[in-house]
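Working notes, structure below.
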Amino acid sequence: MASSPGRPALAPLAIARRPIYPALLPVPITCFVGALLTDLAYTGTAEMMWLDFSSWLLLAGLIAGGVAGALLLVELVRAGAARRGALTLHLVLLLAAWIVEVFNSFLHARDGWTAVVPGGLTLSVVATVLALAAGWFWQAVPRYVAGAPR
């Protein structure tokens with residue numbers, strides 16, 4: 001239930017009073033950055049091991065990003081008006097990175113050099129920038145619920 005102007009915002013989803021979403025957010029960001037780094041290593045060496053690493057990092061990032069995105073949607077619905085705008089911007093950036101990485105994952109399913117160069121590498125750069133921007137804008141989300149810092 002979302003809060004109205006007269007009611008305080010609900011506390012974030014938490015386990016043992018620790019918010020879940022901020023703990024999950026670094027996983028897809030780290031995986032997407034790692035996929036970019038392994039794509040760069042692949043373009044420099046043409047070693048198939050790097051392509052395999054990229055594919056696994058993309059899979060892990062997509063799974064973690066999907067779970068984090070679902071939790072973020074719940075947080076957005078429950079958020080007060082003060083948090084809703086910043087959460088929406090964060091969600092849009094994270095969702096954009098996730099969608100770009102879905103297409104990147106399809107490209108990485110190809111075999112050999114064309115799986116990464118040039119399309120896969122380009123998508124990795126775009127998704128990494130979007131994911132890092134989403135992480136940056138997460139800092140813009142007000143951290144106050146019902147007047148108490150969290």
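Values reported hereafter were calculated over all heavy atoms of this structure, with side chains retained and with hydrogens, waters and symmetry mates removed.
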Test item: L36 and F32 side chains (from C-beta on) under 4.5 Å apart, heavy atoms: no
Point-to-point distance, once rounded to the nearest 0.5 Å, from CG of L57 to CD of E101: 10.0 Å
Single-linkage hydrophobic cluster I99~L58, side-chain heavy atoms < 4.5 angstrom: no
Validation row: Y42, M48 side chains within 4.5 angstrom (heavy atoms): yes
Smallest separation among heavy atoms of P19 and P22, with atom names: CB-CD, 3.6 Å
Contact summary for T128 and V33, nearest pair of heavy atoms: CG2-CG2, 3.7 Å
Please list, one pair per line, the donor and acceptor atoms closer than 3.5 Å that link side chains of residues 108-118 to other protein atoms, with sequence neighbours excluded.
unit_1, atom_1, unit_2, atom_2, d
H108, ND1, N104, O, 2.9
H108, ND1, N104, OD1, 2.9
H108, NE2, D39, OD1, 2.8
H108, NE2, D39, OD2, 3.2

Co-members of W56 in a cluster of I, L, V, M, F, W and Y side chains, linked at under 4.5 Å: L59, I63
Hydrophobic cluster membership, L93 vs W98, 4.5 Å side-chain cutoff: yes
Parallel, tilted or perpendicular: ring planes of H90 versus W138, cut at 30 and 60 degrees: tilted
Nearest-0.5 Å distance, CG of residue L72 to CG of residue L87: 6.0 Å
Atom pair CG (L107) and OG (S54), whose distance is rounded to the nearest 0.5 Å: 12.0 Å
Heavy-atom closest pair, residues T43 and L40: OG1-O, 2.8 Å
Tabulate below the donor-acceptor pairs under 3.5 Å that side-chain atoms of residues 130-137 make, not counting sequence neighbours, or state none.
none

Note, L25 side chain near L94 side chain (heavy atom, < 4.5 Å): yes
With sequence neighbours excluded, residues passing side chain to side chain donor-acceptor pair (under 3.5 Å) with S105: none
Test side chain to side chain contact (heavy atoms under 4.5 Å, CB included) applied to A64 - qualifying residues, sequence neighbours left out: V27, P28
Test ring-ring contact (aromatic ring centres under 6.0 Å, His included) applied to W50 - qualifying residues, sequence neighbours left out: F53
